[in-house]
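The structure appears right after this line, and notes come after that.
Every chain is numbered from 1 and lettered A, B, ... according to where its sequence line falls, protein lines coming before strand lines.
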Number of protein chains: 2
Amino acid sequence: MTDTKPYHHGELRPALIDAANAIIRDGGIEGLSMRRLADQVGVSRTAPYHHFKDKNALLCAIAEIGFEAQDRMIREILDVEDDASSQALFTRWVRAYIRFANDNPQTYDLMYGKEIWKRGSPTPSLQQISKASFRLWVDLVERMQRQRVLPADHCALRTAQASWAALHGLARLLIDGIYVERQDLEEIADTVVALITRSDAN
Amino acid sequence: MTDTKPYHHGELRPALIDAANAIIRDGGIEGLSMRRLADQVGVSRTAPYHHFKDKNALLCAIAEIGFEAQDRMIREILDVEDDASSQALFTRWVRAYIRFANDNPQTYDLMYGKEIWKRGSPTPSLQQISKASFRLWVDLVERMQRQRVLPADHCALRTAQASWAALHGLARLLIDGIYVERQDLEEIADTVVALITRSDAN
DNA sequence: GTCGAAACTTGACACCGTCAAGTTAAAAAT
DNA sequence: ATTTTTAACTTGACGGTGTCAAGTTTCGAC
């Protein structure tokens with residue numbers, strides 16, 4: 001006999017996050033409503049509000065998980081530490097980044113989209129984790145500058161911002177479906193790498 | 001005596017577009033509701049639906065105007081045709097592009113955001129005008145490749161997509177308020193230019 | 001065993017986009 | 001000039017949204 005709807009769900013918070021993640025994964029942020037979410041998990045409309053201040057807080061929690069997943073993936077790339085040249089490492093990173101955006105478009109949109117950052121407001125912990133994530137990129141850029149894969153005529157921060165803008169822009173074009181076809185993605189990603197890395201290291 | 005609310009507004013369509021444009025300009029797409037818009041113009045909730053099939057159609061019309069304004073601005077840059085070097089011309093374009101995004105963030109978001117392109121569906125005429133706008137960029141990139149300002153190891157289309165992704169990414173970071181402070185914008189824009197243009201032309 | 005706190009529910013409010021049916025005015029046809 | 005058609009506009013309604021307030025149920029600590 002399965003438990004027949006006890007008054008206290010017991011595991012509501014994680015259940016909400018799981019369900020919300022699934023809904024967002026196929027349907028995007030627009031497809032997620034607090035009411036339908038609650039309904040799907042089997043609780044009343046307002047039950048989620050005892051675990052999340054509001055919809056924004058729930059979205060931030062999910063975005064955090066997204067950042068964690070992304071970081072995990074990136075770190076795997078870095079930890080390989082094989083014979084790969086710096087240029088190859090950089091290329092691998094870019095490809096991994098774009099692949100993440102391609103595989104999890106809705107999550108990426110949530111993580112870096114304006115739903116949280118402009119319309120809503122990022123949770124302190126989300127701000128922290130996203131900042132750490134960017135810091136990782138700055139570090140890589142600095143390393144690439146030292147090894148002359150990236151130009152060093154601007155400081156690491158600026159170069160990181162500029163180059164990350166290129167990555168992010170490509171991801172966004174892909175996700176929003178503007179000017180970029182999915183099938184051309186890898187080729188364009190390589191073009192981006194070629195564009196921003198020093199040609200003599202190519 | 002001013003006209004006291006005739007049954008037929010007479011100029012509803014343009015009035016709607018004007019009002020909607022103003023609402024979006026300060027408040028973004030999220031701030032625009034068909035009901036408030038109608039109310040502000042002084043007609044009933046559903047009156048706008050006689051001039052626009054739905055909200056999406058209205059947004060597309062406004063986005064079109066945005067593209068026209070952007071094109072006008074870009075063409076002004078191009079028509080100067082003074083002694084400027086190719087590199088300088090390119091820089092000027094990038095700066096103008098970013099300035100447009102900075103001055104009209106909400107309009108930019110509408111023009112290139114997923115509200116229309118993913119969640120909604122772009123009107124045929126919007127598709128056409130946005131395509132033409134990108135075509136202009138491809139032409140510039142081609143020219144820059146011939147003059148060795150941009151690398152020519154990938155075809156013009158790919159290079160255009162990649163470089164425009166960089167611009168677009170920067171614009172988006174700015175608009176969505178991620179990782180980029182408004183005051184650093186020009187510096188980052190210049191870094192983007194330095195990053196994607198060939199160093200020997202610098 | 002009682003009590004307080006936490007988890008959860010129902011009801012309500014103010015919004016939203018838009019469809020259907022009705023009303024009014026202007027334009028076209030006679 | 002009168003009728004008819006058509007377009008512009010209105011009111012009413014439906015189903016959806018986020019979330020607040022107040023009430024109910026259950027659990028954990030004393």
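- In this structure, B:Leu37 places its CG atom 14 Å from C1' of C:dT18, rounding to the nearest Å.
- Taking every heavy atom of residues 108-122 of chain A and every atom of DNA chain D, no pair lies under 4.0 Å.
- In this entry the distance linking CZ of B:Phe52 with P of D:dA8 reads 12 Å, nearest Å.
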Between the protein and nucleotides 17-21 of chain D, which nitrogen or oxygen pairs are less than 3.5 angstrom apart?
{"from": "D:dT17", "atom 1": "OP1", "to": "A:Ser33", "atom 2": "OG", "distance (Å)": "2.8"}
{"from": "D:dG18", "atom 1": "OP1", "to": "A:Met34", "atom 2": "N", "distance (Å)": "3.0"}
{"from": "D:dG18", "atom 1": "OP1", "to": "A:Lys55", "atom 2": "NZ", "distance (Å)": "3.1"}
{"from": "D:dG18", "atom 1": "OP2", "to": "A:Met34", "atom 2": "N", "distance (Å)": "3.0"}
{"from": "D:dG18", "atom 1": "OP2", "to": "A:Arg35", "atom 2": "N", "distance (Å)": "3.4"}
{"from": "D:dG18", "atom 1": "N7", "to": "A:Arg35", "atom 2": "NH1", "distance (Å)": "2.6"}
{"from": "D:dG18", "atom 1": "O6", "to": "A:Arg35", "atom 2": "NH1", "distance (Å)": "2.7"}
{"from": "D:dT19", "atom 1": "OP2", "to": "A:Tyr49", "atom 2": "OH", "distance (Å)": "2.8"}
{"from": "D:dT19", "atom 1": "OP2", "to": "A:Lys55", "atom 2": "N", "distance (Å)": "3.0"}
{"from": "D:dT19", "atom 1": "O4", "to": "A:Arg35", "atom 2": "NH1", "distance (Å)": "3.1"}

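- The distance from atom OG1 of B:Thr197 to atom CZ of B:Phe90, rounded to the nearest 0.5 Å, is 7.0 Å.
- Side-chain atoms of B:Lys118 come within 3.5 Å of backbone N or O of A:Ile175 as a donor-acceptor pair.
- By the 30° and 60° cut-offs, the orientation of the rings of A:Trp164 relative to A:His168 is parallel.
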TODO: Might you work through the ring pair (Phe, Tyr, Trp, His ring centres under 6.0 Å) test for B:Phe67 and B:Phe134, ending with a clear yes or no?
DONE: CA-CA 10 Å; B:Phe67 273 103; B:Phe134 182 64; over 10 Å; no
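- Aromatic rings from B:Tyr179 and A:Trp137 are positioned such that their centres are separated by 6.0 Å or more.
- If you take CD on B:Glu142 and CD on B:Gln145, they are separated by 7.0 Å, rounding to the nearest 0.5 Å.
- Ionic pairing of B:Arg172 and B:Asp176 is present here: one or more N-O contacts between side-chain nitrogen and carboxylate oxygen are shorter than 4.0 angstrom.
- Put simply, B:His50 has no side-chain N or O that comes within less than 4.0 Å of OP1 or OP2 on D:dT10.
- In summary, B:Arg143 and B:Asp139 do not engage in a salt bridge, as defined by a charged side-chain N under 4.0 Å from a carboxylate O.
- Of all the residues in residues 12-23 of chain A, A:Leu12 reach under 4.0 Å from DNA chain C with at least one non-hydrogen atom.
- Atom CG in B:Asn104 sits 9.0 Å away from atom CD in B:Gln70 (nearest 0.5 Å).
- The distance from atom OG1 of B:Thr107 to atom CD1 of B:Ile29, rounded to the nearest 0.5 Å, is 9.0 Å.
- B:Glu11 has its CD atom 15 Å from the C1' atom of D:dC9, to the nearest Å.
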